[in-house]
Every structure is written in C-alpha cells, then in structure tokens.
Novice: 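Quick one: the structure is below, questions incoming.
Treat the numbers as computed from the prediction; the structure is a model and nothing was measured. Side chains are part of it too, since the values below use all heavy atoms of this structure and drop only hydrogens, waters and symmetry mates. In what follows, chains are A, B, ... by sequence order, proteins preceding strands, each numbered from 1.
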Number of protein chains: 2
Amino acid sequence: MDNLKSSRTGMIFLPPAGRGVAAKVEPRSAAGSQTLSRGLDLIEAVVQTPATLSELSKRLGINRSTVHRLASALADRGYLKLEAGEGYMLGAKLLELGHAARRQINLPRVARPHLEALCDSTGDAVHLGVLYEDKALYLDKLSGTRRVEIGSRVGERHPLCATGLGKSLLLDCSEMEWLEIYRAETGHGGAADPAYAAWVEQMRGYAAGGYSFDLEENEDRVRCVGAPIRDETGEIVAAISVSSVAQYMSDDRMAGLVATVSSTAGAISRALGWSGR
Amino acid sequence: MDNLKSSRTGMIFLPPAGRGVAAKVEPRSAAGSQTLSRGLDLIEAVVQTPATLSELSKRLGINRSTVHRLASALADRGYLKLEAGEGYMLGAKLLELGHAARRQINLPRVARPHLEALCDSTGDAVHLGVLYEDKALYLDKLSGTRRVEIGSRVGERHPLCATGLGKSLLLDCSEMEWLEIYRAETGHGGAADPAYAAWVEQMRGYAAGGYSFDLEENEDRVRCVGAPIRDETGEIVAAISVSSVAQYMSDDRMAGLVATVSSTAGAISRALGWSGR
DNA sequence: TTGTTTTGTCCCGATATATGAGATAGGTGT
DNA sequence: ACACCTATCTCATATATCGGGACAAAACAA
C-alpha cells in the first residue's frame, strides 16, 4: 500500500516510524553549557524513533531523574511529546520552528560564503541556480580570476540539458522525466535518436556519481563541473557549477574538480538542513 | 514582485525577514530547568527576526555573558547561526528536526484523543478526513452514543461539495477553484446555475466563519458541522465533522456546535505545529 | 585620522542551580 | 498474586551555571 498523499496539499501521512534497535548515541561536545547540551541531546536521541525515559537514560548515560526533568521541560514547551505507551517523541514545536527556519534561511545568502571559497580555490567562475519553469535560473554568479570572462548574469535562464548546472538539477529525475525534459528543450529525442541515447548514457553516469559535466555543449569553448544541492528532505533544490574556457579545463582537471565541487555543494546542503551522505 | 518558486521542488526563497521592532518576549514558565528553558527562549526569540547578542539580552532580561554562552552552544549544534552583521538567526538543524518531526507526527494518531473528547461531549458521530484525489477521504470515524448509526466507514471517499467535512477542506480555495471542483463533482454549475450560486453564497459564509454545515445535502436526514485542520504552514490539511440525524441537529444546536468543533479542530491544528489565531 | 559605540569573546569567584540516589504511584503483563 | 515496567517527586550535595567585568575587533561618527 502506498502512502496517502493529499493531492492538493501535498502533505504526506506516513505510518509511525518503526521501533528498531537504536544505536547508542554519542553525546556531542558539551561545549559551554552542560544542561542545554543534554537537552538538545535528548531531542536528537528521539529523532530516529520514540523512546521511553529509561531508554533515553541508558542511551545518553544520564541519570533517569535528570532525563525526566529535562524531558518534561522539553515536553512542556512542545519540543517533545509524551505519547502514552510510546514514550517521548518529537513535538509540534519543531514543526513550527522548522517552518520559521525555512523562512529565514535563504539559499543565496547561505551559499555565498561557500561559493566565494570555491571561486578562490579554483580561480574559475562559479554559478548558483535553481529549477524554475523548466529552465535553470541563475541566482548568483562569481567571476573567476582568469582573464576570460564567462558571459552569464544573475537572473538569466539557461537550458537544463546542455549546462553542467542544469544537468545537476536533473540528477534525481527518472529516465521518463529525462526524456520529457529533453524533448521539451531540444524539440527532438526518443529511443531512436542517437544524440538522445548518448545524452542519457552520460546522465546515468552523472547520476551515479552525483556530479555533472558540460563539455562545450551550451556555449562553445566553455566547460563546467556541476553538483546538486539538497535540502532537509534530501530533494535537489539547487545546483552549483564551476565554469571556465576549455584551455583551463582539461579532462584531468575536471575529474579533479568533481571532489571539490561536490564538497562545496555538500556543505551548502548541510546549511539547508540536509543530513545525508 | 512575486517570490521565486522552483516549479519542480516547490521550495520557496523568500527575501530576508525584515528587522521590525520586536516586542519584548515574556519568557515561558521556567518549569524544571532554568538553563534549558533559557536556551529554548533564545531559539524562540529569534523566530520573528534575527537579533544580536545584546538585543537578546535585553529582550529576555538575561546577562549578556549568559546569552553568549547559551547562544554559542546553540550555534555550535546548528540550532542557531551567527550571521555576520545580522546577529543570531535560526539554524539548519531546525530544518532537519522539523522534517524528522513531520515523519513522526501522523494525523490520525494525533487527532484521536481530541476526536474522542469531541465525541464524548457531543454524543454524535465524529469524522476525520483529508483531501485525496478530489474527494474527502475518511481517515477515522467514531460512532456517537445515539441510537442511530451514521453509515460511513474509514477509507471511504465522499463528495467535497455536499458534506460538512468536504466543505471545510475547501474553505481556503479561491472562488475559481470552487467552481472547478463543483463542476467536476456535480456535472453542472456556472454563473447561470441557481443551485451553484446558492452553494457559493453559503461557502462564502463558511469561509468567513471558519466552519461548514451539511444540511442533509449528501445523505437524507443527516446533518453535520465541520471545521478545518491546519498544519504549521497554515494550510488546510484535513478536516473534522460532527454528524447526526436531523432530529438531534436543530439549527440552534448546530450554531452552538460551531464553537465546539472549531475548538477541537484548533487543538489538533496546534498539535500539528499550527501557531495561528 | 581619532574617538565612540557597537559587535562577539573570554575569565573567574560566588552561589544559585542542576544533579542523581532513592522512594512513590500507576500501569501492564504473567 | 507477583514482578517489572512506566512516569513522577523529594531532597541533600556539589557542580555547573551565572553574571560582573575586561578584552579585541569592527562599525560608525565626527
């Protein structure tokens, strides 16, 4: 049985998370404030699965009394909820705060420092973009330190199938969606189209590796390395790319850039609440 | 200017929240643990707008040193983030926790106790439902204590336009959407249709009041009072209704039930992170 | 430039505060 | 009936928190 999903609201009602065996969680650095840190440990100990008081006490290595005091304080304020027969679980306040956080955390500002670091370390032009109306919309651009300037501006929309950034936005799509998008963008494509077959073959490799290349496809003599940015749901919500003219972008250098770009994309993802990999 | 919204991901990038004058926040009950409570106060103090150390110190009436220790502890763990020139703002960890909370909090379980209380206090049948494929899908049902049984089951799908529960699911829709849904469901409707005009007139009243009635429209001799349930975004994600045969549902009694049903719906909404009204 | 007022960060003694052992009460299952 | 599980409460101890104050750096004004 598939999950019930309200077609209009998009809210999903999942079955209660299973009560698997929870690994002993190593409490984080008690930096600064023990009590506060323990309280946060408590919240995070319940992320995977609800737990009773003594379970939490064992996991965190804290006295039951202390756990009780902290947990009830958290429950009083809605950060946890004591469910009868289930123990403590995450509370509704966290939904509210998560929503508030999403309003405050905006992608361009969060990404900026990471993009600057990437630009400094590579010397090339760096782009940030999102999917918008079946195009890659550029939200930020940093010119590299090379002589040559890459001709692109914030606010411009570029093709999805022919740019490194655009391809990264599509890495999680199904092959059916790839076909649909490719057709919409190029006007051709299909099982019999050799150009499409080659493109899909490339995309499979990119999807498996979590990065993407642009080999002078969109603009002559311009090559890019792209990587996707994910939010707290794991969904791809944006992408970055490093671009330069072909003379600075040998195959070897591009292969080496993959790790760098992926690492930056991962850091931005984590700043958006992503907790994967 | 409208906000950029990725058509595929649905993620919205809002401009940074304005730095309005923030009212002095009265710290909640320091029940149990002062340190932990203050830490949580700190988080909640930056929900509306980012704030500097001394701003927070003033607002909460806590020494700057203490605020600094707590705030850096929170920042270390991602609950807050110190943005240069902006002060402290909500951190990415809250996105992660909000997402985890959404997986744990499932509507039927959260709603159950409230529905039971409502059923006990009214004596009538109580339903919980969501929008699913242009119908109202019943997720839970409690039979009342009356002799007569309302014939409906969990898992059934009922019309949107002719039930109290269904109408409540539609309260936030635009009039254009109302027309569309009404047409799809009844096969008629339009500016010239007197039945549709009357229906829309009723819906306007319901939308303004935040409740809905079913006056023997769906099933003969059955009347209902419905109210919408909202999540942390304020969106209507479900609805409840109280149903009984007409002999127990005088106009006066229905008018009186509005407050009761709305109150229950509000309580469930708050358990889903809603912070409105 | 210089002076003024922010910002975040750090230190350290006094004491308020969190801690944890243990006891209690209410369930649940055998 | 029992044993064993919850969550909750009390209280003496000492520890971790508190807050005054000092600091460097940055932002701002003159």
Novice: Is a side-chain donor or acceptor of B/E96 paired with a backbone partner of A/T233 at a separation under 3.5 angstrom?
Specialist: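 Side chain of B/E96 to backbone of A/T233: no pair is present.
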
Novice: Establish whether the base of C/dG8 is bridged to the side chain of B/S54 by a donor-acceptor pair shorter than 3.5 Å.
Specialist: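 No, no donor-acceptor pair under 3.5 Å.
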
Novice: How many whole angstroms separate atom CG of B/L82 from atom P of C/dT6?
Specialist: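 Taking atom P of C/dT6 as the reference, CG of B/L82 is at 18 Å.
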
Novice: Looking at the side chain of B/H68, which of C/dT9, D/dA16, C/dA18 is the nearest nucleotide?
Specialist: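 Of the candidates, C/dT9 comes closest.
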
Novice: When you get a sec, tell me which of C/dT17, D/dG19, C/dT19 is the closest nucleotide to the side chain of B/T66?
Specialist: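 Within the option list, the nearest is D/dG19.
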
Novice: Take atom CG of A/N63 and atom P of C/dG22, then tell me their distance rounded to the nearest Å.
Specialist: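 Rounding to the nearest Å, CG of A/N63 and P of C/dG22 are 10 Å apart.
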
Novice: As a test of reading the structure: which of D/dT17, D/dG19, D/dA7 is closest to the side chain of A/S33, going by heavy atoms?
Specialist: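 Closest nucleotide to the A/S33 side chain: D/dT17.
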
Novice: Can you check the B/R38 CZ to C/dA18 C1' distance for me, whole Å?
Specialist: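 Taking CZ of B/R38 and C1' of C/dA18, I get 13 Å after rounding.
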
Novice: Quick one: the dot-bracket string of DNA chain D, using Watson-Crick and G-U wobble pairs with both distances under 3.5 Å, [ ] for crossing pairs and | for bases paired to another strand.
Specialist: ..|||||||||||||||||||||.||||||

Novice: Any side-chain N or O of B/R69 below 4.0 angstrom from OP1/OP2 of D/dC18?
Specialist: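 Yes.
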
Novice: Knowing that exactly one of A/L107, A/I229, A/L165, A/I236 qualifies, which makes a side-chain contact (heavy atoms from CB on, under 4.5 Å) with A/V130?
Specialist: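 Passing option: A/L107.
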
Novice: How many whole angstroms separate atom CG of B/L70 from atom P of C/dA18?
Specialist: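 Roughly 11 Å, once rounded to whole Å.
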
Novice: Could you tell me whether the phosphate oxygens of C/dT7, OP1 or OP2, come under 4.0 Å of any side-chain nitrogen or oxygen in B/T52?
Specialist: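 Indeed, a polar side-chain atom of B/T52 lies that close.
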
